[in-house]
Enquirer: 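Below is one structure. I have some questions about it.
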Amino acid sequence: MEQNTIVKEILKALDLHATQLRAQMVEIETKMQEMNDRLEAKLQEMNDRLEARIDRLENEMNERFNRLETKVDNLRTELTETQETVDFLSSKTIQHERKIRELYRQQ
């Protein structure tokens, strides 16, 4: 009988210990889930900030490219106008040189 009582007490102690272990495991799982949730929230926040920064940089770069494109277009227009002026002046210079040669020949 005594052995039976000892075995029952041991089983009762093991059962109590198992219950405590289960409670601790549930507590650990809960803490791990909370940590995971906080980590996911932090990662999402970092991702959102990074995306916002990337969007801001993209907008800034687009604005700068647009300004640069406008400057290049203006330079292209000025270059075309300058080339037309040079062409005109060159043709006038040639005309004047012809006239001077003609006048020289006539003398």
Side-chain angles (χ1 to χ4, degrees):
M1 234 11 198
E2 189 175 299
Q3 252 184 350
N4 203 8
T5 306
I6 292 173
V7 170
K8 283 183 183 178
E9 288 297 319
I10 291 173
L11 287 174
K12 203 189 264 187
L14 286 174
D15 189 42
L16 179 62
H17 185 66
T19 301
Q20 289 173 348
L21 283 176
R22 282 189 205 101
Q24 287 177 353
M25 287 179 65
V26 166
E27 185 179 331
I28 289 171
E29 286 178 11
T30 302
K31 286 180 181 179
M32 286 177 63
Q33 185 61 43
E34 289 172 358
M35 287 174 65
N36 187 43
D37 292 345
R38 284 197 315 258
L39 179 61
E40 285 181 6
K42 286 283 186 187
L43 287 174
Q44 185 62 45
E45 179 185 340
M46 287 174 63
N47 188 44
D48 292 345
R49 285 194 319 220
L50 183 61
E51 285 180 3
R53 181 173 284 176
I54 289 171
D55 287 344
R56 184 177 53 85
L57 288 174
E58 283 179 347
N59 290 337
E60 188 176 316
M61 292 301 292
N62 285 337
E63 182 181 322
R64 287 181 178 186
F65 281 132
N66 287 338
R67 286 193 307 234
L68 185 60
E69 186 176 336
T70 301
K71 284 182 180 181
V72 168
D73 287 345
N74 289 338
L75 287 173
R76 187 176 290 127
T77 301
E78 287 180 23
L79 180 61
T80 301
E81 290 172 354
T82 302
Q83 187 63 48
E84 289 172 358
T85 302
V86 167
D87 289 347
F88 174 76
L89 291 173
S90 296
S91 72
K92 288 298 179 185
T93 302
I94 290 173
Q95 285 176 2
H96 285 91
E97 285 180 4
R98 282 184 189 150
K99 283 183 182 180
I100 290 173
R101 271 188 262 138
E102 282 178 24
L103 288 172
Y104 182 72
R105 283 185 200 152
Q106 289 176 0
Q107 288 181 351

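Hydrogens, waters and symmetry mates are skipped; everything else that's a heavy atom, side chains included, is used.
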Enquirer: Kindly indicate whether the side chain of Glu63, heavy atoms from C-beta on, has any atom under 4.5 Å from the side chain of Glu60.
Expert: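 No, every pair of side-chain atoms sits at 4.5 Å or beyond.
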Enquirer: Check the pair Met35 / Leu39 against side-chain contact (heavy atoms from CB on, under 4.5 Å), numbers first and verdict last.
Expert: CA-CA 6 Å; Met35 287 174 65; Leu39 179 61; over 6 Å; no
Enquirer: Please list, chain by chain and in numerical order, all residues satisfying salt bridge (charged side-chain N to carboxylate O under 4.0 Å, His left out) with Lys31, sequence neighbours excluded.
Expert: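 Per chain and number, Lys31 pairs via salt bridge (charged side-chain N to carboxylate O under 4.0 Å, His left out) with Glu27.
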Enquirer: CD of Gln24 to CD1 of Ile28: how many Å apart, nearest 0.5 Å?
Expert: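 Reported value, rounded in 0.5 Å steps: 6.5 Å.
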Enquirer: As an exercise, state the distance from CD of Gln106 to NZ of Lys99, rounded to the nearest 0.5 Å.
Expert: 12.0 Å
Enquirer: With a cut-off of 6.0 Å (strictly less than), are more than 12 heavy atoms of other residues, nucleotides or ligands near CZ of Arg67?
Expert: yes
Enquirer: Do Leu14 and Ile10 have side chains that approach each other closer than 4.5 Å (heavy atoms only, starting at C-beta)?
Expert: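 Answer yes - side chains close enough.
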Enquirer: Atom CE of Met46 and atom CG of Asp48: how far apart are they, to the nearest 0.5 Å?
Expert: 11.0 Å
Enquirer: Could you tell me the separation between the OG1 atom of Thr82 and the CG atom of Leu75, rounded to the nearest 0.5 Å?
Expert: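 Taking OG1 in Thr82 and CG in Leu75, the distance rounds to 10.0 Å.
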Enquirer: First locate atom CG of Leu79, then atom CG of Asn74, and finally report the distance between them rounded to the nearest 0.5 Å.
Expert: 12.5 Å
Enquirer: Any salt bridge (charged side-chain N to carboxylate O under 4.0 Å, His left out) pairs touching residues 69-85, not counting sequence neighbours?
Expert: Asp73-Arg76
Enquirer: Taking the side chain from His96 and the backbone from Lys92, do they hold a donor-acceptor pair closer than 3.5 Å?
Expert: yes
Enquirer: Out of curiosity, Met61 CE to Asn59 CG, how far, rounded to the nearest 0.5 Å?
Expert: 11.5 Å
Enquirer: Who clusters with Leu89? Use side-chain heavy atoms, under 4.5 angstrom, across I, L, V, M, F, W and Y, and order the result by chain and number.
Expert: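 Via sub-4.5 Å side-chain contacts, Leu89 links to Phe88.
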Enquirer: Quick one: does Asp15's side chain have a donor or acceptor within less than 3.5 Å of a partner on Leu11's backbone?
Expert: no
Enquirer: Flag the pair Glu58 / Asp55 as yes when at least one side-chain heavy-atom distance between them is below 4.5 Å, and no otherwise.
Expert: yes
